Protein chains: 2
Amino acid sequence: MFKKILIAEDFQDTNKGIVNALENRLQIEDIQEELYCDKAYNRFKVAFLNGEPYELLITDLSFKEGPVERKLTSGQSLINAVRSVDPSIRVIVNSMIDSPADINPLFTDQQINGYVCKGRNGLNELITAIQEVHQNRTYVSPQINLNSGNSVFELDKYDLLILQDLAEGFTKKEISEKLKLQNISPNSESTIDKKVSRLFDAFGAKNTHHLIAKLIKQGRI
Amino acid sequence: MFKKILIAEDFQDTNKGIVNALENRLQIEDIQEELYCDKAYNRFKVAFLNGEPYELLITDLSFKEGPVERKLTSGQSLINAVRSVDPSIRVIVNSMIDSPADINPLFTDQQINGYVCKGRNGLNELITAIQEVHQNRTYVSPQINLNSGNSVFELDKYDLLILQDLAEGFTKKEISEKLKLQNISPNSESTIDKKVSRLFDAFGAKNTHHLIAKLIKQGRI
DNA sequence: TAATCCCTTACGGATATCTGTAAGGGATTA
DNA sequence: TAATCCCTTACAGATATCCGTAAGGGATTA
């Protein structure tokens with residue numbers, strides 16, 4: 001079993017719950033908890049440079065703002081940071097997010113080793129995930145697999161780019177210009193129009209207000 | 001100190017963190033945890049009818065759907081239910097919600113005794129809250145008091161009526177017609193225009209997309 | 001009573017949206 | 001090569017939005 005684990009989780013109650021479970025149920029020798037991504041990263045780096053690296057990082061995705069200024073503000077950025085120090089570090093994400101659209105990139109882009117969705121069985125799943133990852137397997141909470149079975153319309157990165165800009169009040173003309181500046185193609189106002197109209201059909205929305213409202217309520221934007 | 005406490009919290013890791021803290025730091029004799037509102041309510045009711053009532057309920061507000069059908073789906077409904085059994089039960093809410101607009105009604109309408117906002121100091125605050133409530137005082141996480149100093153813009157019922165219709169894809173012309181049919185005044189398209197423009201200023205939104213996105217993300221619609 | 005303020009409403013102009021049509025280009029297929 | 005399909009783009013017209021101006025009416029105040 002792992003001997004040295006680092007936990008990044010900003011809610012104190014959750015944090016303690018995880019630490020207790022790992023101590024009592026897995027007899028991990030060296031567990032360290034941090035409430036800030038930056039602190040977690042520093043601790044990770046120091047341990048690595050001292051030749052006593054952590055073997056596993058368990059991290060939340062969302063971290064509240066605090067009184068301290070933050071460089072790393074999310075689990076995703078923490079993962080990138082620790083991987084730049086130690087590409088072989090294994091990572092389990094423990095978060096309340098349950099949409100496959102958000103979780104898939106963690107595996108494909110960031111190559112995490114496990115994903116546990118917080119919930120009524122979350123702690124048990126986390127224990128299982130740790131055991132699986134220790135055996136060099138990946139783990140995903142079962143309810144995530146089930147959900148992804150539902151043929152939900154998948155929003156790709158391009159869709160999200162547009163939708164997020166619309167939700168922030170940019171017009172399609174402005175979005176078109178932004179895409180051109182970033183050399184992202186396609187980028188014509190007309191194509192953006194078409195893409196969004198297609199999403200109206202896909203989500204049964206009457207207009208942009210409706211579409212954005214639906215998607216935010218579904219937690220997809 | 002309280003001898004008998006009931007905890008309703010659906011995230012297993014958080015739940016365990018709270019239970020451990022209460023056992024170790026407050027030496028509560030009888031702590032019971034539940035992952036579902038309905039189960040918490042049943043346990044509460046049985047204990048009350050047996051003449052061994054709980055003295056304190058600690059509950060989250062948001063509870064995930066589960067495999068079991070639920071009657072009570074939120075902390076608010078759980079509080080109402082237990083109060084109908086035992087009006088004197090003391091209640092502390094432990095939630096991640098931090099908007100005064102949502103928290104104030106808990107005190108004014110539901111007369112809870114304490115509110116703890118989950119976060120990096122949440123467990124310490126919860127301990128303090130329990131001690132305060134035991135002394136018949138109320139407790140609110142300090143960051144909430146600070147926030148409530150910010151004069152939050154209040155959306156009245158008329159605003160909400162319009163915003164909800166906009167979020168459902170109705171045009172201002174359609175909303176105007178709906179209001180006329182319902183004999184709600186004012187109802188001209190022009191006035192609706194003005195109301196919404198005023199909300200742009202109040203919330204720093206560039207246009208309707210932006211406004212709706214902001215308000216939904218804030219949980220106000 | 002007269003002045004003032006605020007809310008409602010109408011109207012108009014500049015933009016933005018939504019939708020349909022059609023042209024051009026790349027990829028696949030016959 | 002030719003036919004086909006799909007994606008991108010341009011364009012145009014009907015609506016809808018955003019925003020400013022101004023008129024009318026009710027309530028408050030001098």
Side-chain angles (χ1 to χ4, degrees), chain A residues 101 151 153-218 220-221, chain B residues 151-218 220-221:
Chain A
S151 64
F153 189 93
E154 283 297 327
L155 295 169
D156 61 26
K157 287 185 182 177
Y158 186 83
D159 293 328
L160 286 176
L161 211 58
I162 293 172
L163 289 166
Q164 283 161 359
D165 275 353
L166 283 173
E168 286 181 17
F170 292 99
T171 67
K172 288 167 183 169
K173 185 180 288 185
E174 289 170 332
I175 295 171
S176 163
E177 285 157 6
K178 282 180 66 175
L179 292 175
K180 284 171 187 164
L181 281 177
Q182 298 175 275
N183 285 322
I184 297 174
S185 173
N187 53 37
S188 78
E189 200 181 334
S190 177
T191 299
I192 295 171
D193 251 5
K194 296 284 180 251
K195 294 276 185 193
V196 177
S197 286
R198 185 171 129 271
L199 296 177
F200 289 169
D201 297 338
F203 289 93
K206 297 181 198 169
N207 54 34
T208 308
H209 307 339
H210 198 189
L211 179 66
I212 289 177
K214 279 197 170 197
L215 291 176
I216 293 180
K217 284 178 179 171
Q218 289 180 18
R220 285 169 171 259
I221 304 191
Chain B
S151 60
V152 281
F153 190 93
E154 285 297 327
L155 295 170
D156 62 26
K157 286 186 182 179
Y158 187 83
D159 292 329
L160 285 176
L161 211 58
I162 293 172
L163 289 166
Q164 283 161 359
D165 274 354
L166 283 173
E168 286 181 16
F170 292 100
T171 67
K172 288 166 184 170
K173 184 181 289 184
E174 289 170 330
I175 295 172
S176 164
E177 286 158 4
K178 281 180 66 174
L179 291 175
K180 284 171 187 163
L181 282 177
Q182 297 174 276
N183 285 322
I184 297 175
S185 172
N187 53 36
S188 77
E189 201 181 334
S190 176
T191 299
I192 295 171
D193 245 10
K194 295 284 180 250
K195 294 275 186 196
V196 176
S197 285
R198 185 170 129 273
L199 297 177
F200 289 170
D201 297 338
F203 290 94
K206 296 181 200 171
N207 53 36
T208 308
H209 307 339
H210 198 190
L211 179 66
I212 289 178
K214 278 197 173 202
L215 292 176
I216 293 179
K217 284 178 180 172
Q218 289 179 19
R220 286 168 169 259
I221 303 189

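Below, chains carry the letters A, B, ... as their sequence lines are ordered, and counting in each starts from 1. Worth saying up front: this structure is predicted, and the values here are computed from it rather than measured.
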- salt bridge (charged side-chain N to carboxylate O under 4.0 Å, His left out) evaluation trace for A:Lys178 with A:Asp165: CA-CA 10 Å; A:Lys178 282 180 66 175; A:Asp165 275 353; 3.2 Å; yes
- Output, in order, the C-alpha distance, side-chain angles, deciding distance and verdict of side chain to side chain contact (heavy atoms under 4.5 Å, CB included) for A:Phe203 and A:His210. CA-CA 9 Å; A:Phe203 289 93; A:His210 198 189; over 6 Å; no
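The shortest distance between the side-chain N/O atoms of A:Ser197 and the OP1/OP2 oxygens of C:dC18 is not below 4.0 Å. Side-chain nitrogen and oxygen atoms of A:Lys195 include at least one within less than 4.0 Å of the OP1 or OP2 phosphate oxygen of D:dT8. The phosphate of D:dT9 has neither OP1 nor OP2 within less than 4.0 Å of any side-chain N or O from A:Ser190. OP1 and OP2 of C:dT8 both lie 4.0 Å or more from every side-chain N or O belonging to B:Thr191.
Against DNA chain D, the stretch residues 169-176 of chain B makes heavy-atom approaches under 4.0 Å through B:Thr171, B:Lys172, B:Lys173.
B:Arg198 approaches B:Asp159 most closely through the heavy-atom pair NH1-OD1, 4.3 Å. Looking at every heavy atom in both residues, A:Asn207 comes nearest to B:Gly169 through ND2-O, 2.8 Å.
Nearest nucleotide to the B:Asp193 side chain, out of D:dA10, D:dC18, C:dT9: D:dC18.
Taking atom NZ on B:Lys194 and atom P on C:dC6, their separation rounds to 16 Å, with Å as the unit. To the nearest angstrom, C1' of D:dC7 lies 11 Å from OH of A:Tyr158. Taking atom CD1 of A:Ile162 as the reference point, atom P of D:dT8 lies 10 Å away to the nearest angstrom. Counting to the nearest Å, the P atom of D:dT17 and the NE2 atom of A:His210 are 14 Å from each other. Whole-Å rounding puts the A:Leu166 CG to D:dT17 C1' distance at 14 Å. Atom CZ in B:Arg198 sits about 8 Å away from atom P in C:dC7, given to the nearest Å. Atom CD of B:Glu189 is separated from atom C1' of C:dA10 by 11 Å (rounded to the nearest Å). If you measure from atom CD1 of A:Ile184 to atom C1' of D:dC7, you get 18 Å, rounded to the nearest angstrom.
For the pair B:Pro186 and B:Asn207, nearest-nucleotide mapping onto DNA chain C gives the more 5' position to B:Pro186.
Each of A:Ile221, A:Val196, A:Thr171 was evaluated against A:Leu166; a single residue qualifies, A:Val196, per the side-chain contact (heavy atoms from CB on, under 4.5 Å) test. Looking at A:Leu179, A:Ile192, A:Leu155 one by one, the single match for side-chain contact (heavy atoms from CB on, under 4.5 Å) with A:Leu161 turns out to be A:Leu179.
Within 4.0 Å of A:Lys206, counting heavy atoms only, lies no atom of the nucleic acid at all.
The cationic group of B:Lys206 does not satisfy the cation-pi geometry with B:Phe200, failing either the under 6.0 Å distance to the six-membered ring centre or the 45° limit from the ring axis.
Not a single donor-acceptor pair under 3.5 Å links the side chain of B:Tyr158 to the backbone N or O of B:Lys195.
The CD1 atom of A:Ile212 sits 5.5 Å away from the NE2 atom of B:His209 when rounded to the nearest 0.5 Å. Note that OG of B:Ser185 is 10.5 Å distant from NZ of B:Lys180, once rounded to the nearest 0.5 Å.
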- Pairing pattern in dot-bracket form [Watson-Crick, G-U; both distances under 3.5 Å; | = partner strand] for DNA chain D: ||||||||||||||||||||||||||||||
